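Just so it is clear: chains get the letters A, B, ... in the order the sequence lines come, proteins before strands, and each one is counted from 1. What you see is a predicted model, and the numbers here were worked out from it, not measured in a lab.
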Amino acid sequence: MNSGVKVESDMVQTTKSEVRKKANKRPSFSGWKEDLAGYAFIGPMFIGTSILVLFPILSSFVLSFTDWNFVSGYQNAKFIGFKNFSKLLTNTLFLKGLVNNVLLILAVPITLLLSLALAVIINKYVYLKDLFKVIYFMPFISSIVAVAVVFQVLFHPTKGPINQLLLTLGVENPPGWIADVTFALPSVMLIMVWTGIGFNLIIYLAGLQNIPKELYEAAQIDGATAWSQFTKITIPLVSPTTFLLFVTGVISSFKVFDLIIVLTNGGPANSTITPVVYLYQQAFVELKTGYASAISLVMFVIILIITYIQFIGQKKWVNY
Amino acid sequence: MVARLDIRKLIVTVIMVLIGIAFLMPFLWMISASFKVEEDVLTFPIQWIPENWNVVENYKEVWTGSMPFLLLYWNSIKVTVLTTLVSCTISCLAAYGFAKINFKGRDFIFLIVLATFMIPPQTLLVTQFLLYRWLGLYDTHTGLILLNSFSVFGTFMLRQFYLGISNEIIESARMDGAGHFRIFTSIALPLVRPAIATYAVLRFIWTWNDFQNPLIFLRSKELYTIQLGVQSFSDQHGSVYSLMMAASVSAILPLLIIFIIGQKNVIEGIQLGGVKG
């Protein structure tokens, strides 16, 4: 593709320079015609985004101050001020969801660590690089619903293959996985790590390829071990990538929905509930539209704050 | 020296292959279980190659039974292909506009569009749902297609590619009297074709796998997509694991084929775009 661009730009270059001699000044296209063309091109995108994103945000802001369910008609909407919010902040289920979500974030650094290790090995120490990319990428492109269904069976406390294996290996009381209140959330995290590795690995591989080879050669001449090359060169130089993946990982941990809905539906005993799952239940099972809008808004603010903190924090530890 | 290094590399490769197989174990188990008679699914040690085959019966039940995957496939293909087409068109146009046209308020509008990328889609569900009921788009495939069609990711990624086209080509075409639409179709579009292919494959995969939107915005069983089908199938046949696995295989297989065909595009696309959306 690049070569194509170059060939054409070279060709145009010559005509361009001839034109430039005549005009002797770079023509700048602007004015209302240019504006109109611009709006025409971005129009569909902008209108769609406005209707499907901007308008919903504004209207959930309004709805969050009402006590309403959508079945009862607009005339029955009642303005109740901040009641939804005060109810929400004392709601143990919502708060538990928040705590669970914070725990789910722990899956992010674990994924990052494993992905980086695999990326370094695949980048330097193996044959068949492309094959490994495909292998580790497969869980990422597979449908989460199907994956959740498969793990439901694999995690079966008595008959599931995982626990059967643990029993034969001599583990006397294997965990009940998604049926066990203490192990349900770690089980969800395990699947998150498994599906997330592919994506992180691919991005890390791109990051590793940008590290100049001379650095490693110089380190080798100085007699640095592979480990100190890894800690002194690789880790600092991929820190922008780590940052990018950490930010997107944290944000996407707030979006985990399919996996929990299909795998555990928030159970057992709400041990895997998250704010998003709670939001879904309140909005579409309990039909509390106003209350659910308040949850949306709180979530929205939390994500904004987290993103903001992360961008401030990056200055401290990212080397650009 | 060289030969010794090669042997080391070979050993690492073999170890990595073993780790890779362990990594893919859930898939291998799923495929193997979908071929078995129900009694053999949970026998231990695992029969990776089934002793009693039940392939035809399992897949026949999944494809033509009470939750017929034939219909689900048709729905999913329809929604996914149309979403991919519409989304590529819209993103391509917008990306060109943001990259190559100098219009008033461009950077500000781009910033707004980019900011919407941060918003978790779940926080929009409630009001989107109300809007859809009001517009009559609830429980329609059209509504579902529109939901995934306005992609910030696609616009952003394609914009990066358009930025790579030199302005001089555009400007000289402008001086020759070509309008932006003409430039877009005959110069810009052919140059970013590989990027469009990448985005198309990604959009296809994400739309095919989308569970949340069909769950909220579809109600009629005859409109269900594959992902909803797998869930209701596992609700109905929750204890018949061989059938559940055949359903899961059916849901994943087309994607694997698409991924293996477009493998290079997908991986490069993700590296370029950097983020999923």
Side-chain angles (χ1 to χ4, degrees), chain A residues 1 5 9 12 15-16 19 29-30 34-35 37-39 41-42 44-46 48-49 52-53 56 59-60 70 121 125-128 132-135 138 141-143 145-146 149-150 153-154 159 161 164 202-203 206 244 248 254-255 257-258 262 276 279 283 289 292-293 296 299-300 303 307, chain B residues 9 12-13 16 20 23-24 26 29-30 42 44 46 90 93-94 96-98 101-104 106 109 113 116 118-120 122-124 126-128 130 150 155 165-166 168-169 172 174-175 180 191 194 205 209 211-212 227 230-231 234 241 244 248 251-252 255 259 263 267 270-271 274-275:
Chain A
M1 174 212 146
V5 178
S9 73
V12 181
T15 31
K16 173 89 212 305
V19 173
F29 291 94
S30 58
E34 201 72 2
D35 289 350
Y39 298 138
F41 271 89
I42 64 147
M45 171 77 196
F46 188 68
T49 314
L52 286 173
V53 180
S59 40
S60 51
F70 68 86
I121 295 173
Y125 303 101
V126 295
Y127 297 106
L128 308 168
F132 287 110
K133 284 190 204 171
V134 174
I135 288 179
M138 267 175 55
I141 55 146
S142 301
S143 110
V145 179
V149 167
V150 173
V153 186
L154 292 178
K159 292 180 268 170
Q164 300 235 37
I202 295 300
I203 308 273
L244 171 80
T248 52
F254 276 91
K255 298 180 186 172
F257 177 78
D258 311 6
V262 181
V276 163
L279 167 66
T289 310
S293 300
S296 297
M299 289 286 298
F300 179 56
I303 302 243
T307 312
Chain B
K9 217 171 161 180
V12 178
T13 306
M16 283 290 284
F23 193 77
L24 293 184
W29 186 84
M30 164 186 85
L42 292 176
F44 199 85
I46 300 168
I90 291 174
L93 284 169
Y96 178 83
F98 283 126
I101 306 179
N102 236 324
F103 60 90
K104 228 183 244 144
R106 178 180 73 176
I109 297 176
V113 171
T116 63
M118 285 294 173
I119 297 165
Q122 289 91 352
T123 60
L124 303 170
V126 179
T127 31
Q128 277 179 346
L130 296 174
F150 305 97
T155 307
I165 300 176
S166 90
E168 305 187 327
I169 303 180
S172 24
R174 293 282 281 147
M175 267 179 296
H180 274 300
L191 289 180
I205 292 173
N209 284 338
F211 168 70
Q212 182 176 302
Q227 308 307 327
V230 172
Q231 196 214 15
S234 83
Y241 297 142
M244 276 164 66
S248 299
I252 291 180
L255 266 193
F259 171 61
Q263 180 246 108
I267 289 178
I270 293 217
Q271 284 175 341
V275 214

Next item on the list: Step by step, work out the side chain to side chain contact (heavy atoms under 4.5 Å, CB included) result for A:Lys255 and B:Gln212.
Entry: CA-CA 11 Å; A:Lys255 298 180 186 172; B:Gln212 182 176 302; over 6 Å; no

Notebook entry, point to check: Is there a side-chain contact between B:Pro120 and A:Val276 (heavy atoms, below 4.5 Å)?
Noted result: no

Next item on the list: Could you tell me which portion of B:Tyr241 (side chain, backbone, both or neither) has an atom closer than 4.5 angstrom to a non-hydrogen atom of chain A?
Entry: side chain

Check: Partners of A:Gln164 by side chain to side chain donor-acceptor pair (under 3.5 Å), sequence neighbours excluded?
Finding: none

Notebook entry, point to check: Heavy-atom distance under 4.5 Å to chain B: side chain of A:Ile141, backbone, both or neither?
Noted result: both

Check: Which answer fits A:Ile202, side chain, backbone, both or neither, if we ask what part of it has an atom under 4.5 Å from a heavy atom of chain B?
Finding: both

Checklist line | Part of B:Tyr96 lying under 4.5 Å from any heavy atom of chain A | finding: side chain

Next item on the list: Would you please classify the geometry between the B:Phe103 ring and the A:Tyr39 ring as parallel, tilted or perpendicular, with 30° and 60° separating the classes?
Entry: perpendicular

Margin query: side chain to side chain contact (heavy atoms under 4.5 Å, CB included), that's the test. Do A:Thr289 and B:Val126 meet it? Break it down for me.
Written below: CA-CA 7 Å; A:Thr289 310; B:Val126 179; 3.7 Å; yes

Notebook entry, point to check: Counting only N and O atoms by type, is there a donor-acceptor contact under 3.5 Å from the side chain of A:Ser143 to the main-chain atoms of B:Asn209?
Noted result: no

Note to self: Between A:Ser60 and B:Thr127 (side chain of the first, backbone of the second, donor and acceptor by atom type, cut-off under 3.5 Å), is there such a pair?
What the structure shows: no

Notebook entry, point to check: Which class fits the ring pair A:Phe41 and B:His180: parallel under 30°, tilted 30 to 60°, perpendicular over 60°?
Noted result: perpendicular

Checklist line | Options B:Val230, B:Val113, B:Leu93, ranked by heavy-atom pairs under 4.5 Å with chain A, top entry | finding: B:Leu93

Notebook entry, point to check: Between A:Leu52 and chain B, which part of the residue has a heavy atom less than 4.5 Å away: side chain, backbone, both or neither?
Noted result: both

Next item on the list: Name the region of A:Tyr125, side chain, backbone, both or neither, that has any atom closer than 4.5 Å to a heavy atom of chain B.
Entry: both

Check: What part of A:Phe46 gets closer than 4.5 Å to chain B, counting heavy atoms only: side chain, backbone, both or neither?
Finding: side chain

Item checked: Which atoms of B:Leu42 approach chain A - backbone, side chain, both or neither, heavy atom under 4.5 Å -> both

Check: Do you know which of B:Gln263, B:Gln231, B:Gln227, B:Arg106 has the most heavy-atom pairs under 4.5 Å to chain A?
Finding: B:Gln227

